[in-house]
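What you see is a predicted model, and the numbers here were worked out from it, not measured in a lab. Index from 1, following the sequence.
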Amino acid sequence: MDERDIRTQVERARGGDAEAFGALFRGFQEDVDRLCRRLLASKEEAGDAGSEAFLRARRALEAYDLDRPFRPWLLAIVAHHCVDRLRRRSREARLFEPEEAGARVADAGPSPLQGVLQTEQSRRLRAAVEHLPDRYRVPTVLRYFADLDYETIAELLGVSRAQVATLLFRARRRLREGLSEGGTRT
C-alpha cells in the first residue's frame, strides 16, 4: 500500500468507515506483529499487544498528521504500548516473584549456499536480540527493526538521546560478544 492509498484509507477510517480501518489493519498487521514479538519476546503476549495497539491507533487516528508517513506513526504507538507492557511486567515481577529471580530475512543472494548462511545468521541474530535484557533489547528493536530515530526512542522510553546511544552501543557490544562465541549468550 503506497502513501496515497494509506492517506485515503485513513481519511475514510476517520469518517467511521470500518472497512477502511480493516484495510489499514491488514496492510500493517505483519509489521505490528513482528515488532511486538521482538519487543516482548513472547508470541502469546505479542498477539494481545498487537490487537491492543491497533485499538489505540484507531482512537488516535484523528490526531494523525496526514503529511507524515503512516508506518512510523503506527509503529511508535505499538512500541509505546509494548514498552508500557514491559514496565508493567517488570513491576509485577517485583511484586510477585521472590527476590532471587532476577528483519526480515535478506534475499537469498547469488547462490543457495549463501542464502542458507544468511538465513542462519539472521536466525542467530534474532535469537541473540531476544536474549538481551529488556533495557538493551527494547531500544535495539526500536532502532533496527522499527527504524525509529534516537529522538523518538528517547521519548518512548523516557530517557535522553545520549542514554539511547549508550544503550544501543552496549547492546551491539553484547551482541558481538555473544555471536562471536557462537551462541546467543548475551
| Rounded distance [0.5 Å steps], CG in Leu142 versus CD1 in Ile153 | 5.0 Å
| Taking every non-hydrogen atom, the tightest pair across Gly50 and Val32 | CA-CG1, 3.9 Å
| Would you find more than 12 non-hydrogen atoms of other residues, nucleotides or ligands less than 6.0 Å from Glu155 atom CD? | no
| query | What's the shortest heavy-atom distance between Leu179 and Arg124, and which atoms? | reply | O-NH2, 2.7 Å
| said: Looking at every heavy atom in both His81 and Ala49, which two are closest together, and how far apart are they? | reply: CD2-O, 3.4 Å
| task | If a pair satisfies salt bridge (Lys or Arg N to Asp or Glu O under 4.0 Å) and one of its residues is in residues 11-25, list it, with sequence neighbours excluded. | result | Arg7-Glu11, Arg12-Asp17, Glu19-Arg26
| Aromatic rings Tyr64 and Trp73: how do their planes relate, parallel, tilted or perpendicular, breaks at 30° and 60°? | tilted
| Do any N or O atoms from the side chain of Arg137 and from the backbone of Leu39 form a donor-acceptor pair under 3.5 angstrom? | yes
| message | Would Arg173 and Glu177 count as a side chain to side chain contact (heavy atoms under 4.5 Å, CB included) here? Give the steps. | response | CA-CA 6 Å; Arg173 184 176 57 206; Glu177 290 168 0; 3.5 Å; yes
| query | Closest approach of Ser42 and Glu45, non-hydrogen atoms and distance? | reply | OG-N, 3.2 Å
| Chi angles and distances behind the side chain to side chain contact (heavy atoms under 4.5 Å, CB included) call for His80, Val83 | CA-CA 5 Å; His80 190 64; Val83 167; 5.5 Å; no
| query | Would Leu24 and Leu66 show up in the same hydrophobic cluster when neighbours are defined by side-chain heavy atoms closer than 4.5 Å? | reply | yes
| note | side-chain contact (heavy atoms from CB on, under 4.5 Å) filter on Asp147, not counting sequence neighbours, yields Arg71
| request: Kindly determine whether Arg170 and Arg174 satisfy side chain to side chain contact (heavy atoms under 4.5 Å, CB included), including the steps that lead there. | output: CA-CA 6 Å; Arg170 290 177 180 165; Arg174 282 177 170 237; 5.6 Å; no
| request: Decide yes or no for Glu52 and Arg56: does some side-chain heavy atom of the first lie under 4.5 Å from some side-chain heavy atom of the second? | output: no
| request: Identify, with sequence neighbours excluded, every residue that meets side-chain contact (heavy atoms from CB on, under 4.5 Å) alongside Leu168. | output: Pro139, Thr140, Arg143, Tyr144, Tyr150, Val164, Arg172
| Is Glu130 paired with Arg126 through a side-chain N to carboxylate O contact shorter than 4.0 Å? | no
| task | Nearest 0.5 Å please: distance from the CG atom of Leu75 over to the CZ atom of Phe70. | result | 9.0 Å
| query | Taking atom CZ of Phe54 and atom CG of Leu74, what is their separation to the nearest 0.5 Å? | reply | 5.0 Å
| message | Quick check: is Val129 connected to Phe169 through a chain of hydrophobic side chains (ILVMFWY, heavy atoms under 4.5 Å apart)? | response | no
| note | dist Gln163:CD -> Leu157:CG (nearest 0.5 Å) comes out at 9.5 Å
| field | Heavy-atom side-chain contact between Ile6 and Phe28 under 4.5 Å | value | yes
| Closest non-hydrogen atom pair between Ala79 and Leu35, with its separation | N-CD2, 4.2 Å
| said: I need the Cys82 SG to Ile77 CD1 distance, nearest 0.5 Å. | reply: 12.0 Å
| field | Where Leu148 and Leu156 come nearest, the two heavy atoms and their spacing | value | CD1-CD1, 3.8 Å
